[in-house]
*Asks:* 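The structure follows.
By convention in this document, chain letters (A, B, ...) are assigned in the order of the sequence lines, proteins followed by strands, and residues within each chain are numbered from 1. Note that this is a predicted model, so its numbers are computed, not measured. Only this structure's heavy atoms are used, side chains among them; waters, hydrogens and symmetry mates stay out.
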Amino acid sequence: MPTKIEKDALTGRETTGHEWDGLKELNTPLPSWWLYTFYATIAFSVLWMILYPALPLPGATGLTGWTARGALSGELEAARARTEPMMARLRAATPEQIAADPELRAFALAGGRIAFANHCAACHGAGGQGARGGYPNLADDDWLWGGDLAAIHATIRHGIRNQDSEEARMSIMPRFLADGTLTMAQIHDVAEYVLSLSGRATQPAMAARGEGIYAENCASCHGERGEGNQEIGAPRLNDRIWLHGSDRAAIAAYIANPVLGVMPAFGQRLDPAVVNMLTVYVHALGGGR
Amino acid sequence: MSHIGTAGSGPTESLYATRQKVYPRAVSGRVRRIKWAVLVLLLGLYYLLPWIRWDRGPGAPDQAVLVDMVHRRLYFFWIELWPQEVYFLTGILVFCAIALFAVTSLAGRLWCGFACPQTVWTDLFMWVERLIQGDRNARMKLDREPWSARKVKLKAATHAAWVAIAAATGGAWIMYFNDAPTVTWQILTGQASLTVYGFFGLFTLTTYLLAGWAREQVCTYMCPWPRFQGAMLDDQSLVVTYRAWRGEPRGKLKAEGVGDCVDCGACVHVCPTGIDIRDGQQLECIGCGLCVDACNEVMRKLDRPQGLIAFETLANLAASTAATRGMPPSPARFEAGMAARRPPRLIRPRTLMYAGVLTAVAVAMLAALLLRDTLTLSVLRDRAPLYVVLSDGGVRNAYTVKLANKTRQVEAYALLAEGIPGAAVSVQNAPVDAEGRPLVTTRPDGLTEWRVLVSAPPAAPLRPSQPITFRLLGPDGRPAASASSVFLAPGP
């Protein structure tokens, strides 16, 4: 391979000295504007590394002190400052006052929707549709602990059956089989009777046997006719809404070994304004009283 | 275009042709007068339209023509369009495109030569240039001169005037998107937004560059229209042509046996794109007809019949050429050539088709505009939950109902849902009328949104999905709008 630099006769340019099958490659240098742009980008990157956090080392923040986290928290702070006047009004008002004021209500519904998705939807589902396994539907007209604004507010604030709040809603249903109170046959009888409260019993003999057991063991909390008691979170048994399944087997299984629902005390986690927004939002889902 | 290198030339010859600067001479005549009138009319429209006021009542902008980006409204005198009605704009664009085709097939490049913004602003800039630096010869001389105080003064004055016109042009553009008096004051006092200054600068710059510097190169190299407008032209379309059959052989005034063309070069000197019309049909020719004026002026002085260069159809040109073939230059040749001409046929399949499409688009858009709803109801069904079973066994669905009111009047409408026997309709935070139906109200020129709950009684015969129709009843009990959706229920 020849190494002598030679000039191409036709163009007057130098060749690279490489030759393949009689074809010689011209040595065409990079355009100077391209080279200088390239050098400029190198200078830029050095300057960038000095000014901005570019090295993957702890504490390497660069001279400007800029960080992505700092930029984000600045933006969050600005957003918080922007909504603060409205949040202050929401904090000061009661849920009833918020629901009555069109401006506050609109803000609470919009903010409540986001807060609900963040804090509530994991259990209660998007739109409050509930979930199997004891997560109540919040959009229907049946309430365990009351469905007016004050009751919803208290439930969100203090939660249910938790250790966090002194005022958490507390109640218990005995484990009738595990505690030895009832036999499985008796439990099936009382389950059939419970079905009869909403007119769905198919075994009159079983239901008749269960009536006495119900009066003795269940009526004190769930009421004579299964009307429930929101004071102690005892569900209505004479309607069509079932939290843990609506057939006899599911009802019997629950009587035998109930799984009691729990809910955190959100008053200790969230801004009172957010609790108020959630209250108004949940109330407006469709079931509010 | 003789400078474009050919494929066979060596690598040392550049394929790039440097622009030959064009120095159009001033010209007067009928076409020039029409061009001035069109220029004044179009520029007047452009600059003054945003300043026309149009009272729309309180809370609405009082500018007759306004594209309100922030509030997403387009105002045109009595018409007010919402973003979802942008198809009216599309319709206007389609209409304009077809109209352009139709006009081109009838009368040639009227758009390019008279109405195109590039032509109009270039014309204005050339007028300014001529006013400051003098006519063709003076400008050519000035450009050849070495730099002097006088040259700097003249050039600076020209460019200053151009920039001023360009700024007014960019400023006027901004006014179509903002309240004209307000934004003018803001621009002048430095209070306008970066967006306003950005677009102001952009349109100032493009006007200055396109009309001051690029000029005919826009038409020749940048614009797609000259490339395909040939498809609209046929031999019955009017185009600017040189009647070679009476002009040739061209020669000096006193020479023997020559045609009407005295080869004075007037047509070339006035041409804004720097071509010679006597070379025949050319892509660069924008059909402005200034060469017609220039030649007529010369013919008038020589006491020869006008129209050596004229707006003429190619069919007539061919007929005249055929009729005068072999005839020596003489008044008889002129008579024979002119006698062979026929009036252009205006009604041709091409023009009929354009007229038909044009009428169809116009009628469709007009009908759409006249029949457009000023109140629309849209219904969006809740997806989570799909349905709610109530404690009595009934089923409830929730919907988000939106009322778009395109007028400035506010009205309350009774909302009812049809399709589910015995269903109850309720709207949170809405009053009810005497019959217990929820009353939803509109906002002036805006949307109102309502959450509507429809509950079917336990006994209702429900399938998993059934159609439901929402209706709005006006105060007079007349149906105002309707929208359909579905009502979902658990399986039987």
Side-chain angles (χ1 to χ4, degrees), chain A residues 8-13 26 28 98-106 108-110 113 116-117 120-121 124-131 135-144 147 197-200 226-228 235-243 246 280-281 283-289, chain B residues 8-15 380-402 410 417 423-431 438-443 446-460 462 487-492:
Chain A
D8 177 55
L10 195 63
T11 59
R13 281 218 187 111
L26 291 182
T28 307
I98 295 169
D101 180 328
E103 191 194 0
L104 287 178
R105 182 174 187 271
L109 287 180
R113 195 165 64 83
F116 189 89
C120 316
H124 289 289
Q129 61 185 322
Y135 307 103
N137 186 331
L138 302 177
D140 64 21
D141 59 345
D142 191 30
W143 294 90
L144 294 173
L197 294 174
S198 53
R200 295 189 301 129
E227 59 270 22
R236 257 179 88 176
L237 301 177
N238 61 3
D239 63 12
R240 303 295 291 270
I241 293 173
W242 297 88
L243 198 50
S246 61
V280 174
Y281 175 75
H283 187 261
L285 282 175
R289 294 188 179 276
Chain B
S9 52
T12 44
E13 188 176 335
S14 174
L15 293 173
L380 200 68
R381 224 180 57 76
D382 269 14
R383 287 175 180 277
L386 287 173
Y387 54 81
V388 173
V389 177
L390 300 176
S391 52
D392 62 0
V395 178
R396 194 176 64 203
N397 281 205
Y399 303 85
T400 301
V401 164
K402 289 182 183 178
V410 170
V425 182
S426 70
V427 179
Q428 287 166 352
N429 284 33
L439 279 174
V440 289
T441 45
T442 58
R443 262 177 56 194
L447 272 180
T448 47
E449 195 177 305
W450 308 84
R451 200 170 128 85
V452 178
L453 304 175
V454 179
S455 310
L462 292 177
F487 186 93
L488 298 189

*Asks:* Using only atom types and a distance under 3.5 Å, with no angle test, would you say the side chain of R240(A) pairs donor to acceptor with the backbone of G394(B)?
*Replies:*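 No, R240(A) side chain to G394(B) backbone: no donor-acceptor pair under 3.5 Å.
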
*Asks:* From I241(A) CD1 over to S391(B) OG, what is the distance, rounded to the nearest 0.5 angstrom?
*Replies:*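 OG of S391(B) is found 5.0 Å from CD1 of I241(A).
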
*Asks:* Heavy-atom distances under 4.5 Å only: say whether R383(B) touches chain A with side chain, backbone, both or neither.
*Replies:* neither

*Asks:* L453(B), D382(B), D392(B), L390(B): which one forms the most heavy-atom pairs within less than 4.5 Å of chain A?
*Replies:*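 With the most close heavy-atom pairs to chain A, the winner is L390(B).
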
*Asks:* Please give me the minimum heavy-atom distance between G286(A) and R396(B), naming the atom from each residue.
*Replies:* O-NH1, 2.9 Å

*Asks:* Which one, N137(A), D142(A), D141(A), leads in non-hydrogen pairs under 4.5 Å with chain B?
*Replies:* D141(A)

*Asks:* As an exercise: rank A139(A), G287(A), A99(A), S198(A) by heavy-atom pairs under 4.5 Å with chain B and give me the winner.
*Replies:* A139(A)

*Asks:* Compare every heavy atom of A284(A) with every heavy atom of R451(B), then report the nearest pair and how far apart it is.
*Replies:* NE-O, 3.4 Å

*Asks:* Heavy-atom distances under 4.5 Å only: say whether A100(A) touches chain B with side chain, backbone, both or neither.
*Replies:* neither

*Asks:* Take a 6.0 Å sphere around CZ of R200(A) and say whether it holds more than 12 heavy atoms from other residues, nucleotides or ligands.
*Replies:*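 Yes, enclosed.
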
*Asks:* From Q428(B) CD over to L109(A) CG, what is the distance, rounded to the nearest 0.5 angstrom?
*Replies:*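 Nearest 0.5 Å value for the CD-CG distance: 7.5 Å.
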
